[in-house]
Structure formats: structure tokens, C-alpha cells
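Note sheet for the following structure.
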Amino acid sequence: MAKDMKKGSVIVIQGPPASGKGVFGEYISEKYELPKISTGDLLRENVKDATEIGLEAKKYMEAGQLVPTELVNKLLEIRMNEDDCRDGFLLDGYPRTLEQAEVLNKMLKPLNQKVDLVINLDVPTQLLIDRVLFRTSCPDCKKVYNSKFMKPIAEGTCDVCGGKLESRSDDTEETIKSRIAIYEEQTKGAIDYYTEAGLLKQIKADSNDQVPVKKSIDEFIAEIK
Ligand code: AMP
């Protein structure tokens, strides 16, 4: 574990779709050796494997709507209780609502854990739309690319594992607009909740330069008490 982080920290990374949650989440996870739990990835794996939860979740995801909390919680609770999460973890894409923020506290209590830091990535809407339309990711190792702003070395191929890059079926202009609107409306409760708790840190991520964002992330993580 990097020496600049309190042991056992639970960090949440928040931001609208395509705000860089995936990329900066990866950065935090690797640098601070925190397992990253992405509810979007957990759901997509279940859709791919056609599990009962996946089949139910699919229709909400394709419509750009939030999947019912009970379904997401079932997947999250199993993952949070795995051994590698005992020394803290990073949540990407959860909690999305006030209800989920409250449920998360309840799920963390028996594990003697609590949310230590919530990072909110603040990105202008038009930039989000442009990013989504050019986004690709590796289905095998989950690394995210952008065919305009963050290209892989060889077109269509993952730099890390050689996987064949794919676009997400929910990455269309119509769906992204709906997802941004839903994100703003529904996360407001969770954002207000963490603001009041003094845990929310805003980071402006309005260019495609990752360096200043990473610097702010490191500063906030070093401040965790
Ligand atoms: P993401 O990869 O985080 O953008 O999530 C993709 C989709 O998965 C979202 O548009 C939702 O349909 C669903 N999803 C991910 N996380 C959650 C969550 N915490 N609550 C409800 N639905 C979620």
C-alpha cells in the first residue's frame, strides 16, 4: 500500500458517465493497492453471463436508467465481503442515490468500515458527450480508451492484454444524454449527503489532461484521517 493513505480506507469516486471515473478509479486502485468495485462492471458481467440479476438489470441499463437498488446491492454485498476488501476498497459508480448512500453505511458497519472520502469529478456536459461517442474499452481487462482523446497504441487492440476493444451498447448520444440527466437528478441526494458529512471533494476534470486531476486526488487521499 502506498504510504500516503490511511490503512483500510473506503473511497468513493463519483462523476457523470464518461467523467473519467474508470480511468481515475484505475489510478487510485493501482497506486494505493485498493481493489476497485465498479457496480457498472459487476452488472455488465452479469448481463454477459445471462445470470438472473443480469437479465433483469439489462432492460434498465439499455434504457439508460438506474438498476433497482436491491439488485445492485446483492452483487455489491457479495463483492465487498471478499477477503481482498478487508483492507479497504474503492467504489466506482456506487452510491448513486441517497438511498444507496444510507444502505452503504449499513453494509459497512459490520465490516468495521466507513466511507472516508468521496471524490466528485466535475466535467462540462458537452465534453462528456464527445467522450462517450468515441469511447472503447477492453472486455477482458476493462481498460478504457478513447479513439479521439486516448488512443491505444495499435488501433482496436488493448495495450495491456491485447484484447479486442469494444464500444458499449449503451454508448449512444441519446442514451448518454438521458444518463447524464438521470445522473444529475438522482445523485443529488447522495452528493448533498456527503457534502453535509464533510466527505465530498470536488475535482474539476474539464480538460483531457489527467495530471492535475491525479495531483488533486493524491492530495485528498493524503488528508484522510
Ligand atoms: P456505469 O458503468 O457506472 O456508467 O454504469 C452503467 C449502468 O449500470 C448505469 O447506467 C446503470 O444502468 C447501471 N448502474 C451502475 N451502477 C449502478 C448503481 N449504483 N445503481 C443503479 N444502477 C447502476
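Just follow the structure's listing: the first ligand is 1, and inside any ligand the first atom is 1.
Interatomic distance, CD1 of Ile217 versus CG of Leu117, reported as 9.0 Å (0.5 Å rounding).
The shortest N/O to N/O separation between Asp92 and ligand 1 does not fall below 3.5 Å. Checking only distances, Tyr60 never comes within under 3.5 Å of ligand 1, N or O to N or O. Checking only distances, Arg44 does come within under 3.5 Å of ligand 1, N or O to N or O.
Contacts between Val67 and ligand 1 below 4.0 angstrom, taking non-hydrogen atoms only, involve backbone and side chain alike. With a 4.0 Å heavy-atom cut-off, ligand 1 is reached by the backbone of Leu66 and by its side chain too.
Across every non-hydrogen atom of Ser29 and Leu34, the tightest pair is OG-O, 2.7 Å. Of all heavy-atom pairs between Arg179 and Pro17, the closest is NH2-CB, 3.6 Å. Of all heavy-atom pairs spanning Pro16 and Ser19, the tightest one is O-OG, 2.7 Å.
Atom 5 (O) of ligand 1 has its nearest heavy-atom neighbour, among Arg96, Arg168, Met61, Gln100, in Arg96. Scanning Lys21, Gln186, Arg179 for the heavy atom closest to atom 10 (O) of ligand 1 points to Arg179.
Summary of contacts: the protein heavy atom closest to atom 14 (N) of ligand 1 is Leu43 CD1, 3.4 Å. In terms of protein heavy atoms, atom 11 (C) of ligand 1 is closest to Gln65 O, 3.6 Å.
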Show me the donor-acceptor pairs within less than 3.5 Å that the side chains of residues 56-65 make with the rest of the protein, sequence neighbours left out.
{"from": "Glu56", "atom 1": "OE1", "to": "Lys59", "atom 2": "NZ", "distance (Å)": "3.3"}

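Applying the 4.0 Å criterion to heavy atoms of Thr39 picks out, from ligand 1, the atoms 15 (C), 16 (N), 17 (C), 19 (N).
In summary, the side chains of Glu77 and Asn81 do not present any donor paired with an acceptor at a separation below 3.5 Å, with no hydrogens or angles considered.
Salt bridge absent: Glu70 and Lys74 never bring a charged side-chain N and a carboxylate O closer than 4.0 Å.
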